[in-house]
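For clarity, every value in this text was computed on a predicted model and none was experimentally measured.
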Amino acid sequence: MPEADELDDEEEMPLSLRLSIADTLTLGNATCGFMAVYFTTTGILIPHLTGSQETGMARHSAATAVILMLCAAVFDLFDGLVARKLRSSPMGAELDNLSDLISFGLAPAYFVLVYGMVADDAHQRVAAVGGIVVLLAVVLRLARFSCVTVKDGTFQGMPSPFGALTVVSIVLLELPFVATLMAIIGTAWLMVSRVEYPKPRGRLAGAMLSWIVLSMALLAAWAFDAPGGQLLLQTGCALQLVMGAVIPLFATARRVNNFRGNRREARAAQLP
């Protein structure tokens with residue numbers, strides 16, 4: 001049966017031939033997340049467990065791990081843009097969720113866990129709880145994103161890439177342990193909340209990409225112990241936290257203004 005043979009050949013098509021360009025970018029996202037875990041383990045955790053005093057290596061590895069998370073965010077930004085411009089395979093959405101879980105769920109949660117093991121004033125078990133909270137927040141957020149429809153142009157809750165970068169910024173700020181843990185839990189709550197965040201499109205996508213590139217430069221300056229590198233890094237991390245808090249305030253203010261404008265229009269329409 002020639003027709004049956006042709007159908008069988010299509011069903012047995014290699015996976016690589018069914019992946020779109022957008023899917024390839026999504027797999028790059030997952031790879032960056034996995035490598036972030038690798039550098040966190042080999043460059044920070046293992047030297048600490050073996051009693052190594054090489055602080056430069058830990059600094060380089062921490063910077064590399066966070067830069068890889070930033071690269072994952074770039075892949076996540078561009079795979080959506082490419083999918084809208086070209087096409088995406090039927091499994092594109094599932095690949096995106098699984099990759100986000102690795103890069104923006106597992107990697108930052110593991111970063112928090114390792115922080116609890118190596119920081120002088122941290123408590124390992126409590127930090128592990130903080131890491132679990134971050135991981136579960138991303139899992140719940142991604143699951144909700146798959147089954148809940150929100151209005152176009154907004155996310156419900158802090159996007160997981162933004163949340164992951166905020167979590168690692170909190171750790172890199174080197175605040176007291178209690179303040180660090182509370183800020184991490186607050187970020188996890190924002191990810192599963194109903195607070196609206198705008199989607200990165202147009203100028204906002206360009207601004208986000210510029211901020212990621214700037215963050216990479218700050219991390220590189222800190223990793224190579226450049227003059228003022230520590231201060232620059234802390235300034236960048238503090239700005240990340242401020243943006244995480246301010247962006248939803250702007251979105252809420254815009255929503256309130258739109259609501260008031262609609263009420264004024266409705267009242268004007270009722271007047272004779």
Side-chain angles (χ1 to χ4, degrees), residues 28-78 99 102-122 124 127 130-131 134 160-177 179-181 183-184 187 207-244:
N29 172 6
T31 302
C32 288
F34 174 77
M35 292 305 296
V37 173
Y38 168 79
F39 277 100
T40 303
T41 302
T42 58
I44 303 175
L45 180 59
I46 292 178
H48 173 75
L49 295 177
T50 56
S52 174
Q53 301 297 323
E54 183 60 41
T55 58
M57 178 181 178
R59 187 188 301 115
H60 292 168
S61 297
T64 302
V66 180
I67 287 175
L68 283 166
M69 292 185 218
L70 289 166
C71 290
V74 173
F75 280 119
D76 185 62
L77 176 65
F78 278 102
S99 298
I102 296 172
S103 299
F104 312 125
L106 175 62
Y110 185 71
F111 198 81
V112 172
L113 173 64
V114 173
Y115 153 74
M117 299 177 68
V118 303
D120 294 333
D121 64 336
Q124 180 178 339
V134 171
S160 52
F162 198 88
L165 298 179
T166 304
V167 166
V168 296
S169 295
I170 293 168
V171 174
L172 292 176
L173 271 176
E174 298 182 355
L175 299 171
F177 176 72
T180 299
L181 185 65
I184 288 172
T187 303
M208 180 178 176
L209 182 60
S210 300
W211 173 249
I212 289 174
V213 173
L214 177 60
S215 299
M216 290 181 180
L218 295 176
L219 284 162
W222 172 68
F224 291 99
D225 203 17
Q230 180 72 23
L231 179 61
L232 289 173
L233 178 70
Q234 291 181 344
T235 302
C237 292
L239 286 175
Q240 177 72 29
L241 268 66
V242 170
M243 286 193 300

K.L.:
Does the side chain of V134 reach to within under 4.5 Å of the side chain of F111, using non-hydrogen atoms?
P.N.:
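No; the side chains remain at least 4.5 Å from each other.
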K.L.:
Check L218 against G236 and note the closest heavy-atom contact, atom names and distance.
P.N.:
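Distance-wise, the nearest heavy atoms are CD1-CA, 3.8 Å.
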K.L.:
Taking all non-hydrogen atoms of both residues into account, name the closest pair between H48 and M117 and its distance.
P.N.:
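Minimum heavy-atom separation between H48 and M117: NE2-O, 3.0 Å.
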K.L.:
Could you walk me through whether F224 and R59 satisfy the side chain to side chain contact (heavy atoms under 4.5 Å, CB included) test, starting with their C-alpha distance in whole Å, then the side-chain angles of each, then the deciding distance to 0.1 Å, before giving a yes or no?
P.N.:
CA-CA 8 Å; F224 291 99; R59 187 188 301 115; over 6 Å; no
K.L.:
Are any side-chain N or O atoms of S103 and backbone N or O atoms of N29, one a donor and one an acceptor, separated by less than 3.5 Å?
P.N.:
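A pair under 3.5 Å: yes.
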K.L.:
Is the shortest side-chain heavy-atom distance between F75 and T31 below 4.5 Å?
P.N.:
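The answer is no; the side chains never approach within 4.5 Å.
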K.L.:
Can you check side chain to side chain contact (heavy atoms under 4.5 Å, CB included) on L70 and L165, steps first, answer last?
P.N.:
CA-CA 7 Å; L70 289 166; L165 298 179; 3.5 Å; yes
K.L.:
Any side-chain heavy-atom pair from S169 and L241 closer than 4.5 angstrom?
P.N.:
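Yes. Closest side-chain heavy atoms under 4.5 Å.
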K.L.:
Take M208 and F162 through the side chain to side chain contact (heavy atoms under 4.5 Å, CB included) test and state the conclusion after the steps.
P.N.:
CA-CA 10 Å; M208 180 178 176; F162 198 88; 5.6 Å; no
K.L.:
For L231, give me all partners under side chain to side chain contact (heavy atoms under 4.5 Å, CB included), at least two apart in sequence or on another chain.
P.N.:
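Expected list: T235.
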K.L.:
Which heavy atom of L175 sits nearest to which heavy atom of A179, and what is that distance?
P.N.:
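Looks like CB-CB, 4.3 Å.
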K.L.:
Please evaluate residues L68 and Y38 with respect to the criterion side chain to side chain contact (heavy atoms under 4.5 Å, CB included), reporting the C-alpha separation (whole Å), side-chain torsions for both, the decisive distance (0.1 Å), and the verdict.
P.N.:
CA-CA 10 Å; L68 283 166; Y38 168 79; over 6 Å; no
K.L.:
Under the side chain to side chain contact (heavy atoms under 4.5 Å, CB included) rule, collect the residues that match up with A30, sequence neighbours excluded.
P.N.:
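So A30 forms a side chain to side chain contact (heavy atoms under 4.5 Å, CB included) with S99, I102.
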K.L.:
Hey, does Y115 have a side-chain heavy atom less than 4.5 Å from the side chain of V167?
P.N.:
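Result no, sub-4.5 Å side-chain heavy-atom pair not found.
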K.L.:
Check for a donor-acceptor pair, side chain of T180 on one end and backbone N or O of V171 on the other, with a separation under 3.5 Å.
P.N.:
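Checking the backbone N and O of V171 against the side chain of T180, no donor-acceptor pair under 3.5 Å is found.
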K.L.:
Assess the residue pair W222 and Q234 against the criterion (side chain to side chain donor-acceptor pair (under 3.5 Å)); give the C-alpha distance rounded to whole Å, side-chain angles, the decisive distance to 0.1 Å, and a yes or no.
P.N.:
CA-CA 10 Å; W222 172 68; Q234 291 181 344; over 6 Å; no
K.L.:
I'd like to know whether CZ of F177 has more than 12 heavy-atom contacts from other residues, nucleotides or ligands below 6.0 angstrom.
P.N.:
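Counting neighbours around CZ of F177, more than 12 heavy atoms of other residues, nucleotides or ligands fall under 6.0 Å, so yes.
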